[in-house]
2 protein chains.
Amino acid sequence: MKKKSRDEYRSRCPINIGLELFGDRWSLLIVRDLLFKGTDHFNGFLESQEKIATNILADRLVKLEAAGILERRPDSQDARRVRYRLSEKGYALAPVLIEIILWADAHEDTAAPPDVIAAMRGNRKRFIASLRKR
Amino acid sequence: MKKKSRDEYRSRCPINIGLELFGDRWSLLIVRDLLFKGTDHFNGFLESQEKIATNILADRLVKLEAAGILERRPDSQDARRVRYRLSEKGYALAPVLIEIILWADAHEDTAAPPDVIAAMRGNRKRFIASLRKR
DNA sequence: CAGGATCCGTTTCGATACTG
DNA sequence: CAGTATCGAAACGGATCCTG
C-alpha cells in the first residue's frame with residue numbers, strides 16, 4: 001500500500017456531524033452517565049455534579065432520543081418511572097468518551113480513579129464490553 | 001489480574017474536565033482545522049464551512065491558548081500575520097478527534113473521504129504521526 | 001414522589017460593521 | 001490580516017407548577 005502524505009488528507013476531513021452532540025454542553029455528560037454510571041432515569045441525571053436544570057435535561061433527552069442515541073421506555077415495575085438506555089449507536093460512543101477521559105487524565109487535573117484509567121488503557125475491548133453488561 | 005465488574009467502576013468516572021473544550025460548539029472545530037487541514041492563521045479558520053463569527057473565533061483562540069492547547073506567535077515573515085499551532089497537549093487530542101470521525105462515519109451521514117477513514121482505521125499510530133509532520 | 005412543562009431574569013451567542 | 005464593538009436573538013438556570 002502506498003503511503004499517503006499529510007497533504008493528501010488536508011481539507012478533506014470534516015466533522016460535519018454531531019455539532020449537536022459534541023458541540024453541546026450537556027449531551028455528552030448524559031451519555032457519560034448512561035455509559036459509566038449506569039444512570040437510567042430522569043432524576044438520576046439531575047444528581048450529577050454538573051447540576052443540569054430540569055428543562056434542559058428534558059430537552060436533551062428528547063434530542064438524544066431523536067438522534068437514535070438513547071431509547072426511552074416506561075418502567076415495567078413502576079408506571080411513574082421512565083427508563084433511559086443507550087442504543088447501539090449510543091454504546092458506539094464509548095471509544096470517544098474513553099479517549100476524552102484518557103486525554104483529560106494525562107493533561108488536565110481530573111479526579112478519575114486510577115484503576116478505571118488503567119482498565120481503559122489495558123484491554124480496551126474488554127473494558128468496552130464490560131460497559132454493556134447490565 | 002482479577003476481573004473488575006462494571007459496578008466497581010460505576011459512579012467513579014467523571015468527565016470533570018474540558019466542558020469548555022468538549023462542551024463548546026467551536027473549540028473542537030478549531031482543533032480539527034489545526035490538526036487535519038493545517039490551518040494556521042485567523043482567516044483560515046473563518047473559511048471553514050461552519051462559518052464561525054470573528055468575535056467568537058477570537059474568543060476561542062484566546063481560551064485555547066490559555067488552556068495550553070495551541071500556541072500563538074507572530075509570523076517571522078509577515079508582521080501582520082499571527083500563526084497558530086497545536087501544542088503537544090493539542091496534538092494529544094488526535095485520538096479523540098479520530099474516534100469522533102469514525103463514529104460519525106459509521107452512524108451519521110457524513111462526507112468523510114473513504115481513504116482518510118481507511119487510514120484512520122488502519123495503522124492509527126502512523127496516521128497520527130503523519131498529522132505532526134509539517 | 002417521578003417526570004416533566006412553563007415562566008422569566010440573566011448570560012452567552014452570533015451576524016455585521018468597523019478598526020489598527 | 002487580525003481582530004473589536006455593537007446589539008438583537010437564542011440559550012441557560014432556577015423556581016415553580018402540573019399531572020399521573
Side-chain angles (χ1 to χ4, degrees), chain A residues 11 15-16 18-34 37-67 69-86 90, chain B residues 15-16 18-34 37-67 69-87 90:
Chain A
S11 300
I15 309 177
N16 292 334
L19 276 183
E20 284 179 19
L21 178 61
F22 297 107
D24 180 67
R25 184 168 168 186
W26 298 109
S27 299
L28 268 193
L29 296 175
I30 294 171
V31 173
R32 173 202 66 186
D33 286 356
L34 284 158
K37 298 190 187 176
T39 304
D40 66 348
H41 62 286
F42 195 88
N43 284 328
F45 298 110
L46 293 179
E47 288 163 13
S48 280
Q49 58 181 353
E50 290 88 0
K51 301 301 169 201
I52 187 170
T54 61
N55 54 344
I56 307 294
L57 174 58
D59 177 75
R60 294 308 192 278
L61 288 172
V62 167
K63 286 180 175 165
L64 286 170
E65 187 186 15
I69 288 167
L70 58 77
E71 291 153 9
R72 159 196 328 234
R73 56 178 181 179
D75 191 313
S76 51
Q77 314 296 322
D78 183 349
R80 297 176 308 178
R81 221 165 220 262
V82 179
R83 302 196 64 181
Y84 299 92
R85 57 183 321 205
L86 288 170
Chain B
I15 310 178
N16 292 334
L19 277 183
E20 285 180 17
L21 178 60
F22 297 107
D24 179 66
R25 183 165 168 188
W26 298 108
S27 298
L28 270 192
L29 296 175
I30 293 171
V31 173
R32 173 202 65 184
D33 286 355
L34 284 157
K37 298 190 188 177
T39 304
D40 67 347
H41 63 287
F42 194 89
N43 284 331
F45 298 109
L46 294 180
E47 288 162 14
S48 281
Q49 59 181 351
E50 290 88 0
K51 302 300 171 202
I52 186 171
T54 59
N55 55 343
I56 306 296
L57 175 59
D59 177 75
R60 295 308 191 276
L61 288 172
V62 168
K63 286 179 176 166
L64 286 169
E65 187 187 16
I69 288 167
L70 58 77
E71 292 153 7
R72 164 196 324 236
R73 56 178 181 178
D75 191 310
S76 51
Q77 314 295 322
D78 182 349
R80 297 178 311 180
R81 219 169 221 258
V82 179
R83 303 197 64 180
Y84 297 93
R85 57 181 321 199
L86 288 170
S87 65

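Within every chain, numbering begins at 1; the chains are lettered A, B, ... in the order of the sequence lines, protein sequences first and strands thereafter.
- At a threshold of 4.0 angstrom between heavy atoms, the contacts of K51(A) with the nucleic acid are absent.
- One can place CG of N43(B) at 14 Å from C1' of dT19(C), the figure rounded to the nearest angstrom.
- R25(A) has a side-chain polar atom (N or O) that falls below the 4.0 Å cut-off from OP1 or OP2 of dG13(D).
- Counting only heavy atoms from C-beta outward, the side chains of V31(A) and L70(A) never approach each other to under 4.5 Å.
- The phosphate of dG3(D) (OP1 or OP2) has no side-chain N or O of R60(B) nearer than 4.0 angstrom.
- Nearer to the 5' terminus of DNA chain C, by closest-nucleotide assignment, is the contact made by D78(A) (compared with the other of V62(A) and D78(A)).
- Using a 4.5 Å cut-off on side-chain heavy atoms (C-beta onward), I52(B) and L46(B) make contact.
- Regarding R83(B), its CZ atom lies at a distance of 10 Å from the P atom of dA2(D), rounded to whole Å.
- The CG-C1' distance, from N55(B) to dA15(C), rounds to 8 Å in whole Å.
- Counting only heavy atoms from C-beta on, T54(A) has its side chain closest to dT16(D) among dT16(D), dG3(C), dA2(D).
- Residue order along DNA chain D, read from the 5' end via each residue's closest nucleotide, puts L46(B) first among I56(A) and L46(B).
- Between I52(B) atom CD1 and dT16(C) atom P the separation is 15 Å, expressed in whole Å.
- When rounded to the nearest whole Å, the span between CG of L57(B) and P of dT16(C) equals 16 Å.
- For R72(B), whose side chain is taken as the heavy atoms from C-beta onward, the closest listed nucleotide among dA5(C), dG14(C), dG3(D) is dG3(D).
- Between W26(B) atom CH2 and dA11(D) atom P the separation is 13 Å, expressed in whole Å.
- R81(A) has no side-chain polar atom (N or O) that falls below the 4.0 Å cut-off from OP1 or OP2 of dG20(D).
- As rounded to whole Å, 9 Å separates atom P of dA2(D) from atom CG of D75(B).
- Rounded to an integer number of Å, the gap from NZ of K63(B) to C1' of dC13(C) is 11 Å.
- When atom types are taken as modelled, the side chain of S87(B) and the backbone of I69(B) share a donor-acceptor pair closer than 3.5 angstrom.
- You'll find the side chain of L29(B) stays beyond 4.5 Å of the side chain of F45(B), heavy atoms only.
- Out of dG20(D), dA15(D), dG3(D), the shortest distance to the side chain of Y84(B) is found at dG3(D).
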Q: Dump the intermediate steps for salt bridge (Lys or Arg N to Asp or Glu O under 4.0 Å) on R32(A) and E50(A), then the final yes or no.
A: CA-CA 12 Å; R32(A) 173 202 66 186; E50(A) 290 88 0; 3.0 Å; yes
